[in-house]
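Worksheet for the structure shown next.
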Amino acid sequence: MDYPVRTPRQLASILAAFRKQRGLSQAELAQRLGITQQALSELEREPQTASTTRVMQYCAMLGVEMVFRDYEDVAEASSKSTPKARW
């Protein structure tokens, strides 16, 4: 399933949700990443303050990936797959 992210707030929610889905506490994931629980908490609250490398490490540790799509491609694909009503 895809989870579109257009704001830091959305990213924060998604990161925390993936961690919780994997059954990990902030302290457990922080230890695996080699950072403090406080640093991980800040990353989840304000991901825009973290480096891209740190966010990617976080994602890799949870087995998720970032995918970039062009809005226009998504809109075009959506319009092609939506059945049209015939009157």
Side-chain angles (χ1 to χ4, degrees):
M1 174 175 269
D2 290 342
Y3 300 92
V5 176
R6 295 191 178 102
T7 68
R9 176 168 285 215
Q10 290 171 326
L11 180 58
S13 299
I14 290 169
L15 291 176
F18 273 119
R19 176 184 52 77
K20 291 174 185 176
Q21 185 182 55
R22 303 301 192 268
L24 294 169
S25 69
Q26 285 185 340
E28 291 168 323
L29 184 56
Q31 183 178 19
R32 291 181 186 189
L33 289 169
I35 61 175
T36 66
Q37 184 273 326
Q38 291 80 7
L40 188 107
S41 176
E42 183 177 341
L43 186 153
E44 287 186 352
R45 275 192 332 274
E46 299 180 44
Q48 70 274 17
T49 64
S51 70
T52 304
T53 299
R54 178 67 71 203
V55 173
M56 292 180 82
Q57 288 170 334
Y58 183 108
C59 291
M61 190 64 63
L62 296 177
V64 298
E65 65 183 358
M66 290 190 283
V67 176
F68 296 90
R69 290 194 179 92
D70 189 309
Y71 287 170
E72 292 177 12
D73 291 344
V74 172
E76 183 179 319
S78 176
S79 68
K80 287 181 181 178
S81 65
T82 305
K84 304 290 185 214
R86 295 185 185 188
W87 301 96

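Heavy-atom basis, side chains included; hydrogens, waters and symmetry copies ignored. If you read the sequence from its start, that first residue is 1, and numbering goes on from there.
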Shortest non-hydrogen pair, M61 vs L29, comes out as CG-CD1, 3.3 Å
Between E46 and T49, the two heavy atoms sitting closest are O-OG1, 2.7 Å
Over all atoms of both residues, closest heavy-atom pair of T36 and A39: OG1-N, 3.0 Å
Going by side chain to side chain contact (heavy atoms under 4.5 Å, CB included), name the residues that satisfy it together with T52, two or more places apart in sequence or in a different chain. M56
Could you grab the distance from atom OH of Y58 to atom CZ of R19, nearest 0.5 Å is fine? 5.0 Å
Rounded to the nearest 0.5 Å, what's the gap from CD on Q38 to CD on Q26? Could you check? 9.0 Å
Got a list of side-chain donor-acceptor pairs under 3.5 Å for residues 10-17, not counting sequence neighbours?
{"from": "Q10", "atom 1": "OE1", "to": "R6", "atom 2": "N", "distance (Å)": "2.5"}
{"from": "Q10", "atom 1": "OE1", "to": "T7", "atom 2": "N", "distance (Å)": "3.0"}
{"from": "S13", "atom 1": "OG", "to": "R9", "atom 2": "O", "distance (Å)": "3.3"}

Between M1 and V67, is there shared hydrophobic-cluster membership here, with clusters defined by ILVMFWY side-chain heavy atoms closer than 4.5 Å? no
According to salt bridge (Lys or Arg N to Asp or Glu O under 4.0 Å), does anything in residues 20-40 pair up with another residue at least two apart or in another chain? List the pairs. none
